Number of protein chains: 2
Amino acid sequence: MRIGELSARTGVSRRSLRYYEDQGLLVSSRSPSGQRHYDDDHVRRVHLIQAFLAAGMSSATIAEMVPCMAEPSRHKARHALAIMNRERARLSSAMDGLAAARSALDHLIEDNRNYLAKPAADEP
Amino acid sequence: MRIGELSARTGVSRRSLRYYEDQGLLVSSRSPSGQRHYDDDHVRRVHLIQAFLAAGMSSATIAEMVPCMAEPSRHKARHALAIMNRERARLSSAMDGLAAARSALDHLIEDNRNYLAKPAADEP
DNA sequence: CTTGCCCCTGACATCGATGTGAGCGTTTAG
DNA sequence: CTAAACGCTCACATCGATGTCAGGGGCAAG
């Protein structure tokens with residue numbers, strides 16, 4: 001498939017798909033005229049990239065983790081593993097942060113409900 | 001306390017504290033010469049703002065939720081409640097996203113471990 | 001009074017993913 | 001063959017929270 005179809009199938013703009021390739025996150029085979037061609041594996045890869053980007057990872061970080069480009073080596077694998085563990089910790093603490101924010105929000109919601117439940121007293 | 005101490009106590013830069021005030025998230029009393037003065041309540045408020053910002057809310061959204069400025073009214077309270085519920089849903093789905101990303105990451109980590117556990121076979 | 005440290009405002013810079021548009025080639029349906 | 005729809009590259013714009021710098025006051029201790 002060409003870039004338009006990959007875009008439609010993943011919900012990611014063509015612009016972003018080209019950007020991912022630019023950052024080394026996605027490899028495409030090119031037709032003789034230079035057009036990008038993809039297969040189903042790329043769909044999954046794009047979804048993975050999306051999940052990581054949405055989780056707040058930078059494209060550079062993803063590029064370090066997912067060795068999509070060159071052939072793997074033990075040295076790079078160890079490096080990737082280090083990054084992955086660091087990111088995993090980051091994700092966990094981000095989840096804690098979200099949970100804390102949500103709980104604070106729940107308190108605010110409760111306060112607000114109580115305020116609205118009271119009969120109107122001092123309205124301007 | 002003045003802005004420097006609030007900054008030290010919360011770990012938030014002076015610049016950001018002034019920005020919060022600019023966006024209507026924080027109110028300060030001013031000394032006759034124009035310097036901002038705060039008390040312990042502001043420390044808690046700043047922590048709340050930090051939690052919400054870290055959770056990906058925009059300062060405009062926070063400003064709509066936390067009526068720190070004018071006196072409350074039932075109308076504004078209903079509006080705030082609507083925003084809060086929307087944001088709560090956003091937080092929940094962000095948490096789901098993080099969990100999904102972390103689980104995908106766990107798969108990658110596992111794959112990587114397996115690769116490293118295998119005896120070296122085809123190293124360049 | 002002066003020195004040192006804090007504060008004020010205002011303006012410009014940064015980063016990263018994405019949008020947008022121009023100018024130009026390619027593929028495909030009629 | 002032609003026109004529509006798609007693709008390519010390059011370049012500039014955007015947004016939001018924050019950093020940083022400049023120029024000018026404020027306040028306490030010597």
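In what follows, chains are A, B, ... by sequence order, proteins preceding strands, each numbered from 1. Since the model is a prediction, treat every value here as computed from it, not as a measurement.
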Enquirer: So, are A:Glu5 and A:Arg14 salt-bridged, with charged N and O less than 4.0 Å apart?
Expert: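 Answer for the salt bridge query: no.
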Enquirer: Between A:Asp40 and A:Arg9 (salt bridge meaning N to carboxylate O under 4.0 Å), is one present in this structure?
Expert: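 A salt bridge links A:Asp40 with A:Arg9.
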Enquirer: Which sits closer to the 5' end of DNA chain C, A:Ser31 or A:Ser16, going by the nucleotide each is nearest to?
Expert: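 The answer here is A:Ser16.
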Enquirer: If the condition is side chain to side chain donor-acceptor pair (under 3.5 Å), which residues does A:Arg86 pass it with, not counting sequence neighbours?
Expert: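 Side chain to side chain donor-acceptor pair (under 3.5 Å) check on A:Arg86 returns nothing, list empty.
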Enquirer: How long is the gap from CD on A:Gln23 to CG on A:Leu53, to the nearest 0.5 Å?
Expert: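 With rounding to 0.5 Å, CD (A:Gln23) is 10.0 Å from CG (A:Leu53).
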Enquirer: Students should find this one: the first and last nucleotides of DNA chain D, 5' to 3', lying under 4.0 Å from a heavy atom of chain A. What are they?
Expert: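 Here the contact window of chain A covers D:dG7 to D:dA11.
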Enquirer: According to the side chain to side chain donor-acceptor pair (under 3.5 Å) rule, which pairs have a member within residues 105-114 of chain B, sequence neighbours left out?
Expert: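 Counting only pairs at least two positions apart or across chains, the side chain to side chain donor-acceptor pair (under 3.5 Å) contacts touching residues 105-114 of chain B are A:Arg88-B:Asp106.
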Enquirer: CD/A:Glu64 to NZ/A:Lys76 distance, rounded to the nearest 0.5 angstrom?
Expert: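 The CD atom of A:Glu64 sits 12.0 Å away from the NZ atom of A:Lys76.
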Enquirer: Each nucleotide N or O in nucleotides 22-24 of chain C that has a protein N or O under 3.5 Å away: list the pair and distance.
Expert:
none

Enquirer: Produce a footprint string for nucleotides 4-9 of chain C: one letter per nucleotide, 5' end first; B if the base is under 4.0 Å from any protein heavy atom, S if only the sugar-phosphate is, - if neither.
Expert: ---SSB
Enquirer: Starting at OH of B:Tyr19 and ending at P of C:dA11, how long is that distance when rounded to a whole Å?
Expert: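 The answer, rounded to whole Å, is 16 Å.
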Enquirer: Check side chain to side chain donor-acceptor pair (under 3.5 Å) between A:Thr61 and all other residues, then give those that pass, not counting sequence neighbours.
Expert: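 Once residues adjacent in sequence are excluded, the partners of A:Thr61 under the side chain to side chain donor-acceptor pair (under 3.5 Å) criterion are A:Ser58.
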Enquirer: Working to the nearest 0.5 angstrom, can you tell me the gap between A:Thr10 OG1 and A:Tyr20 OH?
Expert: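 Between atom OG1 of A:Thr10 and atom OH of A:Tyr20 there are 8.0 Å.
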Enquirer: If you round to the nearest 0.5 Å, how far is CG of B:Leu91 from CG of B:Leu98?
Expert: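 One gets 10.5 Å once the value is rounded to the nearest 0.5 Å.
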Enquirer: Flag the pair A:His37 / A:Arg30 as yes when at least one side-chain heavy-atom distance between them is below 4.5 Å, and no otherwise.
Expert: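 No, side chains not in contact.
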